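Quick notes on the structure that follows.
When a ligand or atom number is given, it counts from 1 through the structure's own listing order. Predicted model only: the values in this text are computed from it and were never measured.
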Amino acid sequence: MAATSATTASGNSAPKYFEIPFFASVNENFNKAAVLLDHPKGLLDQIRVCNSVYYMQFPVRIKGEIQVISAWRAEHSHHKLPCKGGIRYSENVNQDEVIALSALMTYKCAVVNVPFGGGKGGIKINPKNYSEEELERITRRYTVELIHKNFIGPAVDVPAPDYGTGAREMAWIADTYQTFVGKEIDALGCVTGKPIPLGGVHGRTEATGRGLFFGVREALNDAELMKKINMSVGMEGKTVIVQGFGNVGYHAAKFLQEGGATIIGIIEWDGAVVSANGIDVEALDAHRKTTGSITNFHGATTVKQGNSVLEYECDILVPSALESQITKFNAPNIKAKIIAEGANGPVVASAEDILLEKGILIIPDMYLNAGGVVVSYFEWLKNISHVRFGRMDKRFEEGGNFRLVSLVERMTGQSLTPEEKNMLIRGADEEDLVNSGLEDSMITAYHEIMAIWRTRPNVKDMRTAAFISAIDKIAHSYFQMGIFP
Ligand code: NAD
């Protein structure tokens with residue numbers, strides 16, 4: 001579905017296919033959970049509202065002309081600091097969207113036990129229309145605006161990549177911040193998703209897709225849940241369609257394929273590719289890098305109306321492009337048994353009722369795509385502690401393992417091959433620790449959500465259970481602050 005936009009008097013724009021504004025849709029889901037809880041109304045109101053939004057317009061010289069750029073940063077909740085959330089570059093960014101996404105970040109951080117409030121930023125541009133130099137100028141100017149209004153800083157608000165941005169933009173932000181606030185010892189913690197030499201952490205780029213894989217795997221291995229939706233246990237052979245072959249979609253497809261699933265469809269903005277025999281994700285990525293598009297890939301059939309593939313038969317549908325992709329118009333035609341939300345808000349509230357009625361399991365965004373913020377949290381910890389994960393203990397661990405292996409060899413009189421020895425002795429490096437922390441965070445959060453769903457008969461779906469998990473934790477923070485008795 002093409003994202004056409006309607007511009008309002010305030011300069012905001014919203015895609016026309018929104019049935020209700022995105023933030024209202026998030027709040028509708030919030031309210032479904034809130035009515036099941038006993039918290040005071042004022043507390044629920046405080047949790048629901050967006051604490052602050054900064055709307056800015058600034059001039060940037062583009063191809064010899066001055067262009068006025070519109071941008072936002074929303075800090076949804078200050079119950080824990082810093083605020084945390086990505087920055088997206090898209091023509092369709094508007095204030096409502098940024099606020100809605102910042103709200104999702106608040107709930108997401110709470111669900112996966114990351115001690116941050118929610119934030120989100122957006123610049124209203126199509127990055128494809130600008131040269132690298134122009135994008136750098138826009139990004140640096142945006143960062144200066146954030147610095148001047150105290151909307152960025154390792155203890156205040158920490159952006160990260162999102163739709164249309166990546167490590168390159170995060171590097172520009174970090175460099176600009178350091179230039180202006182040079183004396184801050186923790187300055188590099190002002191943004192996450194940075195390149196490794198600039199304080200990034202190994203495993204951040206693929207973290208959201210990897211986290212999605214852990215979450216889907218946990219659900220597929222949950223025999224009670226699988227029985228409920230009439231599916232066999234395990235990932236092997238499950239058919240998957242992925243919408244969006246960007247950071248989240250590509251990595252999700254890659255890890256699901258490595259885990260034994262069969263990727264039968266991938267949808268991009270300019271068309272989709274489908275193959276019942278499975279699509280080789282790495283080969284498709286190589287094809288896209290050479291031709292600039294996933295279409296006309298030799299290993300699959302191209303479908304021009306890409307989003308029609310959302311309605312194809314499959315076990316798991318992974319929308320990982322943008323919000324509002326499944327609406328009340330296409331929801332009745334969705335045939336997947338599981339919708340695994342890689343993107344933020346891909347299913348609008350009215351579509352959700354139709355999908356749940358059909359018995360489809362929706363694994364909600366605020367849990368399933370939280371891998372990025374979990375690893376961003378690790379990156380921030382690395383930046384403020386000024387030490388690489390594994391630096392203190394890797395060799396010590398290897399020494400202990402070596403002594404243990406030598407002892408076993410001596411006692412049994414048998415020798416291991418050098419490969420076996422290396423595997424047993426090797427100490428954990430940064431990437432191992434990051435991936436292990438991510439896996440643990442996703443598994444822990446899954447069981448917290450499922451415990452709520454299983455023990456409260458009035459909770460009908462996983463999103464409501466996730467909201468309850470988030471609201472209870474945020475409410476607890478307010479209680480601790482003594483703000484609400
Ligand atoms: P990205 O820019 O890397 O990738 C998005 C992809 O979707 C692009 O390849 C784009 O061409 C494609 N796309 C755009 N419109 C489409 C359409 N109509 N149909 C099919 N494909 C389309 O962005 P990303 O970082 O992968 O983010 C994708 C979604 O995941 C967003 O909703 C974002 O908020 C969410 N998310 C991202 C992260 C992260 O760490 N990057 C974390 C959590 C959530």
Side-chain angles (χ1 to χ4, degrees), residues 1-4 15 17 22 84-93 97-98 100-105 107-109 111-112 114 118-122 126-128 159-170 192-193 200 203-212 215 241-254 265-273 284-285 288-289 292-295 303-310 317-327 330 340-347 364-377 379 438:
M1 196 181 305
T4 52
Y17 50 74
F22 189 9
K84 190 85 191 75
I87 296 179
R88 63 170 51 181
Y89 289 1
S90 159
E91 278 172 316
N92 293 315
V93 165
E97 177 180 290
V98 172
L101 290 166
S102 71
L104 281 174
M105 283 306 298
Y107 308 131
K108 190 180 301 188
C109 289
V111 162
V112 289
V114 165
K120 202 77 181 190
N126 179 350
K128 292 193 176 84
D162 192 71
Y163 185 89
T165 58
R168 180 185 65 173
E169 286 74 15
M170 302 308 115
T192 59
R204 172 59 184 91
T205 308
E206 54 274 49
T208 306
R210 194 188 290 275
L212 183 145
I241 293 175
V242 178
Q243 184 202 34
F245 201 50
N247 179 299
V248 179
Y250 160 72
H251 287 107
K254 173 178 146 68
I266 294 190
I267 309 167
E268 259 294 329
W269 64 276
D270 57 345
V273 286
L284 181 65
D285 185 45
R288 196 247 312 259
K289 281 189 178 120
S293 172
I294 63 163
T295 59
V303 179
K304 279 212 169 105
Q305 291 295 324
N307 271 3
S308 66
V309 174
L310 289 171
L317 177 62
V318 187
S320 34
L322 280 172
E323 60 276 3
S324 303
Q325 296 302 299
I326 303 176
T327 65
N330 58 359
E341 293 187 329
N344 286 309
V347 175
D365 47 7
M366 68 164 84
Y367 162 63
L368 199 60
N369 70 25
V373 76
V374 169
V375 175
S376 275
Y377 169 46
E379 180 176 334
L438 172 61

One residue to check: [X]. Relative to ligand 1, which of side chain, backbone, both or neither has a non-hydrogen atom less than 4.0 Å away?
{"X": "Arg204", "result": "side chain"}
{"X": "Asn344", "result": "both"}
{"X": "Asn307", "result": "side chain"}

Gap between atom [atom2] of [Y] and atom [atom1] of [X] - 0.5 Å precision:
{"X": "Ser308", "Y": "Ile267", "atom1": "OG", "atom2": "CD1", "value": "7.5 Å"}
{"X": "Glu323", "Y": "Phe22", "atom1": "CD", "atom2": "CZ", "value": "4.5 Å"}
{"X": "Ile241", "Y": "Leu317", "atom1": "CD1", "atom2": "CG", "value": "6.5 Å"}

Short list, please: which atoms of ligand 1 are under 4.0 Å from a heavy atom of [X]?
{"X": "Val248", "result": "24 (P), 26 (O), 27 (O), 30 (O), 36 (N), 37 (C), 38 (C), 39 (C), 41 (N)"}
{"X": "Gly244", "result": "7 (O), 21 (N)"}
{"X": "Arg88", "result": "31 (C), 32 (O), 33 (C), 34 (O)"}
{"X": "Gln243", "result": "19 (N), 20 (C)"}
{"X": "Gly342", "result": "30 (O), 35 (C), 44 (C)"}

Are any of the N or O atoms of [X] closer than 3.5 Å to those of ligand 1?
{"X": "Lys108", "answer": "no"}
{"X": "Ala343", "answer": "no"}
{"X": "Glu268", "answer": "yes"}
{"X": "Gly164", "answer": "yes"}
{"X": "Lys120", "answer": "no"}
{"X": "Asn247", "answer": "yes"}

Answer yes or no for [X]: is there a heavy-atom contact with ligand 1 below 4.0 Å?
{"X": "Ser320", "result": "yes"}
{"X": "Glu323", "result": "no"}
{"X": "Glu97", "result": "no"}

Modelled atom types, side-chain donor and acceptor of Arg88 and Thr165, under 3.5 Å
no
Test item: side-chain donor near acceptor, Gln243 and Asn307, under 3.5 Å:
yes
Can you tell if the side chain of [X] reaches within under 4.5 Å of the side chain of [Y], non-hydrogen atoms only?
{"X": "Glu268", "Y": "Ser293", "result": "no"}
{"X": "Asn92", "Y": "Leu322", "result": "no"}
{"X": "Glu169", "Y": "Ile87", "result": "no"}
{"X": "Asp285", "Y": "Phe245", "result": "yes"}

To atom 22 (C) of ligand 1, the nearest of Ser376, Gly306, Ala321 on a heavy-atom basis is Ala321
Ionic contact status for Glu206 with Lys254, cut-off 4.0 Å:
no
Sole candidate of Val318, Val242, Asp365, Asn369 that passes side-chain contact (heavy atoms from CB on, under 4.5 Å) when paired with Leu212
Val318
